[in-house]
A.B. asks: 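Let me give you the structure first, and then I'll get to my questions.
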Amino acid sequence: MSLLVVGLSHRSAPVSLLERATLNADAQFKLLQDTVAAEPAAEAAVLATCNRIELYADVDKFHAGVAELSTLLAQHSGVGLDELTPYLYVHYEDRAVHHLFSVACGLDSMVVGEGQILGQIKDSLAKAQELHSAGRLLNELFQQALRVGKRAHSETGIDRAGQSLVTFGLQQLSSGTAVEAWAKGKRALVIGAGSMSSLAAATLARAGVAEIVVANRTSDRAERLAQIITESPETDVSARAVPMDSVPFELTRADVAVSCTGATGLVLTADAVAGAVEGRVSPDTTAGRTAVADVVREELPPTSVGSEDGCPLDLSAVQGASGFSVMGEAAVAGMDAATLEQHAAWVGGSAVDRREAARSTPEAELITELATMAATVGRIPERRRPEPVAHIPRPAPVLSLLDLAMPRDVDAAVHRLAGVRLVDIESLAEASADAPMAADVDAVRRIVSDEVAAFGAAQRAAHITPTVVALRAMAAEVVAGEIARLDGRLPGLDDKHRAEITQTVRRVVDKLLHAPTVRVKQLAAEPGGAGYADALRTLFDLDQETVASVSRAEEDSENEISKNRGPA
């Protein structure tokens with residue numbers, strides 16, 4: 001086994017890079033085709049999700065494989081190799097198996113323990129099988145990864161350690177309130193009708209929203225999802241489908257919107273969201289406007305403005321432009337240099353450029369000038385900080401947005417809009433970094449370690465099987481040759497005696513081969529046991545092509561079984 005994985009994920013790369021490096025379905029197929037066509041790789045599979053891109057391959061050379069897979073990822077992702085390389089990670093052989101099993105169990109997910117990754121691994125295997133890029137190794141690896149993931153979820157409480165991105169995102173939007181209490185009675189807009197959007201719609205329905213509107217570029221898929229939600233016996237939520245061009249209006253009616261499309265550009269710009277918030281329609285009627293626009297456009301409350309006789313500045317005008325209080329000699333942040341100099345001259349009673357004076361006036365003269373000023377005004381003017389501005393609480397959001405797309409569907413500038421709460425992949429990553437880990441995670445890690453060891457042992461044992469089969473085939477040929485020679489020497493031998501002699505010779509050969517072949521399989525299953533197959537071929541002078549033909553026959557048979565069975 002020479003399994004190699006090269007990839008990048010939310011753990012190794014910034015979200016901005018992951019957005020640019022996403023692979024659509026066509027790009028994934030082309031990447032698989034080019035990988036198996038490359039010299040170092042015999043098999044290939046791509047695992048591409050909203051926060052990871054990983055290329056798995058069975059390679060015959062490590063360094064050449066890393067170079068080739070990295071180059072192919074750069075070519076098909078559209079990100080230059082020099083820019084991509086610092087964020088790539090590489091796992092080889094047992095470490096690669098451990099990585100995939102950990103991913104399947106949700107240990108490497110943005111939200112630990114989420115189970116959606118199992119469906120994504122299943123889809124990756126299906127793509128590789130469809131393109132015939134998955135051979136014996138990757139078929140067995142991905143099938144086993146699916147079984148390990150299911151075992152982790154059934155035997156441990158890893159589900160309690162985390163949730164799907166949808167659930168976790170809604171928890172972030174609810175800001176500590178129970179999602180069910182927060183969502184109850186709200187109007188929801190779901191943009192997209194793929195697997196993630198479907199999960200979002202189902203989660204919102206279970207949470208108790210009053211209505212779900214599904215918008216998608218393909219109307220049939222939107223209508224199908226709306227029908228499934230409406231007819232679900234588990235919930236009592238009305239749902240309807242709308243075309244994508246209805247999103248701006250539907251956004252004015254929605255309390256929460258979830259977007260997860262495959263678009264390469266923004267689906268919701270900051271201007272579109274601001275316009276939807278300002279033009280929000282009353283929940284009880286399609287006519288009339290709320291006062292949300294007043295909340296969004298609300299200015300900072302005025303602060304007190306001092307007045308000083310003889311001040312050459314219009315302090316109220318300065319305060320209105322800058323938002324800072326100007327009282328007496330207080331510093332006035334926000335003024336330009338000339339205005340500050342004018343104010344300083346008034347405060348100090350002198351128009352002297354203090355910076356120039358500091359460079360040209362001797363220290364003794366400066367002290368004398370300060371003493372004179374103190375005698376005139378009674379004290380030395382102070383430099384004081386601006387008066388603290390009262391903290392302005394951010395208005396409660398009237399629209400909550402959950403962006404689960406990669407690249408992002410919603411403009412990041414929406415974070416700065418008043419009246420809007422946006423949770424996206426980047427903010428989810430920051431929030432999940434502080435999430436507590438459940439004790440069950442340790443149990444899952446032990447399962448992964450055990451399964452990795454078992455998989456490695458099985459692969460090493462399977463590696464020597466063709467050699468053992470070839471050895472037994474050679475022994476059978478030797479027995480057949482000797483029986484034929486006996487027939488030539490004893491032509492009068494009857495069938496009964498010939499059969500008895502043949503059976504006796506075969507038993508002798510089987511007994512002689514039994515212990516060595518059983519033992520060599522045990523030894524080969526141990527770490528570092530790959531060399532026993534070579535030793536067996538050398539000791540018995542086995543033909544390498546015969547061994548290879550056995551391997552090809554077994555691989556073809558296993559691939560046909562896997563193809564008929566499909567992903568687990």
Side-chain angles (χ1 to χ4, degrees), residues 1-7 9-11 43-58 89-129 133-165 195 437-463 525-527 558-559 561-563 565-568:
M1 177 183 66
S2 299
L3 177 65
L4 175 67
V5 55
V6 178
S9 72
H10 64 281
R11 294 185 180 275
E43 304 178 32
V46 175
L47 178 57
T49 71
C50 61
N51 50 35
R52 77 175 64 249
I53 301 176
E54 295 177 345
L55 180 55
Y56 292 78
D58 183 10
Y89 48 77
V90 175
H91 299 296
Y92 190 55
E93 294 188 337
D94 285 351
R95 289 301 306 168
V97 177
H98 189 281
H99 175 74
L100 181 59
F101 287 3
S102 297
V103 169
C105 293
L107 292 179
D108 197 61
S109 295
M110 187 176 292
V111 180
V112 175
E114 61 95 11
Q116 188 180 7
I117 187 64
L118 284 174
Q120 294 163 334
I121 292 175
K122 186 176 181 179
D123 291 342
S124 297
L125 177 57
K127 288 187 179 75
Q129 289 175 340
S133 66
R136 180 189 61 81
L137 175 59
L138 292 186
N139 266 301
E140 293 181 359
L141 175 68
F142 276 68
Q143 294 278 6
Q144 186 65 19
L146 291 171
R147 288 190 286 269
V148 173
K150 291 175 182 178
R151 179 189 169 192
H153 284 280
S154 63
E155 296 183 11
T156 73
I158 188 66
D159 292 326
R160 297 191 297 270
Q163 314 81 23
S164 70
L165 281 179
S195 59
M437 299 281 285
D440 297 279
V441 170
D442 290 335
V444 174
R445 287 174 175 159
R446 288 192 293 271
I447 288 176
V448 169
S449 296
D450 293 343
E451 292 285 356
V452 169
F455 184 82
Q459 290 297 309
R460 288 187 290 270
H463 179 69
E526 298 175 358
E558 291 173 358
N559 288 345
I561 293 173
S562 297
K563 179 181 178 182
R565 180 176 53 194

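Just so it is clear, the values below take in all heavy atoms, side chains as well, and ignore hydrogens, waters and symmetry mates. The first residue in the sequence is number 1, and the count goes up from there.
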A.B. asks: Determine, stepwise, if the pair Y89 / E54 fulfils side chain to side chain donor-acceptor pair (under 3.5 Å).
C.D. replies: CA-CA 9 Å; Y89 48 77; E54 295 177 345; 2.5 Å; yes
A.B. asks: Residues two or more places apart in sequence or in another chain: which of them pass side chain to side chain contact (heavy atoms under 4.5 Å, CB included) with A57?
C.D. replies: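 With sequence neighbours excluded, A57 shows a side chain to side chain contact (heavy atoms under 4.5 Å, CB included) to T35, A41, V59, L69, given in chain and number order.
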A.B. asks: Could you report the tightest heavy-atom contact between L47 and Y56, atom names first, then the distance?
C.D. replies: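 For L47 versus Y56, the nearest heavy atoms are CB-CE1, 4.2 Å.
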A.B. asks: Taking all non-hydrogen atoms of both residues, which atom of S102 and which atom of V448 are closest, and how far apart?
C.D. replies: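 Closest approach of S102 to V448, heavy atoms only: OG-CG1, 3.8 Å.
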A.B. asks: Distance from Q143 atom CD to I121 atom CD1, nearest 0.5 Å?
C.D. replies: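 These two atoms lie 11.5 Å from each other.
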A.B. asks: Would you please name every residue forming a ring-ring contact (aromatic ring centres under 6.0 Å, His included) with H10, sequence neighbours left out?
C.D. replies: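 Result, ring-ring contact (aromatic ring centres under 6.0 Å, His included) vs H10: none returned.
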A.B. asks: How close do A152 and C105 get, heavy atom to heavy atom, and via which atoms?
C.D. replies: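 Between these two residues, the closest heavy atoms are CB-SG, 3.5 Å.
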A.B. asks: What distance separates E140 CD from R136 CZ, expressed to the nearest 0.5 Å?
C.D. replies: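 One finds 5.0 Å between CD of E140 and CZ of R136.
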A.B. asks: Please determine whether side chain to side chain contact (heavy atoms under 4.5 Å, CB included) holds for the pair N139 and L125, giving the CA-CA distance in whole Å, both sets of side-chain angles, and the decisive distance to 0.1 Å.
C.D. replies: CA-CA 7 Å; N139 266 301; L125 177 57; 3.7 Å; yes
A.B. asks: Please check if the side chain of S154 supplies one atom and the backbone of R151 the other of a donor-acceptor pair under 3.5 Å.
C.D. replies: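 Indeed, once roles are kept as given, a pair shorter than 3.5 Å links the two residues.
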A.B. asks: Starting from the C-alpha separation in whole Å, work towards a yes-or-no answer on ring-ring contact (aromatic ring centres under 6.0 Å, His included) for F101 and H99.
C.D. replies: CA-CA 6 Å; F101 287 3; H99 175 74; over 10 Å; no
A.B. asks: Residues in side-chain hydrogen bond (donor to acceptor under 3.5 Å, both in side chains) with S109, at least two apart?
C.D. replies: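 Per chain and number, S109 pairs via side-chain hydrogen bond (donor to acceptor under 3.5 Å, both in side chains) with E114.
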A.B. asks: If every non-hydrogen atom of G456 is compared with every non-hydrogen atom of D94, which pair is closest and at what distance?
C.D. replies: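 Looking at all heavy atoms of both residues, the shortest contact is CA-OD1, 4.4 Å.
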A.B. asks: Tell me, please, which residues at least two apart from S133 pass side-chain hydrogen bond (donor to acceptor under 3.5 Å, both in side chains).
C.D. replies: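 For S133, no residue satisfies side-chain hydrogen bond (donor to acceptor under 3.5 Å, both in side chains) once neighbours in sequence are set aside.
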A.B. asks: So, using side-chain hydrogen bond (donor to acceptor under 3.5 Å, both in side chains) as the criterion, who are the partners of Q144 when residues are at least two apart?
C.D. replies: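 Partners of Q144 under the side-chain hydrogen bond (donor to acceptor under 3.5 Å, both in side chains) test: R147, E451.
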A.B. asks: Over all heavy atoms of both residues, which pair between L146 and L118 is shortest? Give the atoms and the distance, please.
C.D. replies: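 Looks like CD2-O, 3.4 Å.
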A.B. asks: Using only atom types and a distance under 3.5 Å, with no angle test, would you say the side chain of E43 pairs donor to acceptor with the backbone of G135?
C.D. replies: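 Yes, the answer is positive, given that a donor and an acceptor are paired below the 3.5 Å cut-off.
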A.B. asks: Restricting to non-hydrogen atoms, name the atom on V97 and the atom on L3 that form the minimum distance, rounded to 0.1 Å.
C.D. replies: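 Between these two residues, the closest heavy atoms are CG2-CD2, 3.7 Å.
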A.B. asks: Enumerate the salt bridge (charged side-chain N to carboxylate O under 4.0 Å, His left out) contacts for residues 95-113, please, sequence neighbours excluded, ordered by first and then second residue.
C.D. replies: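 Listed once each, the pairs are R11-D108, R52-D108.
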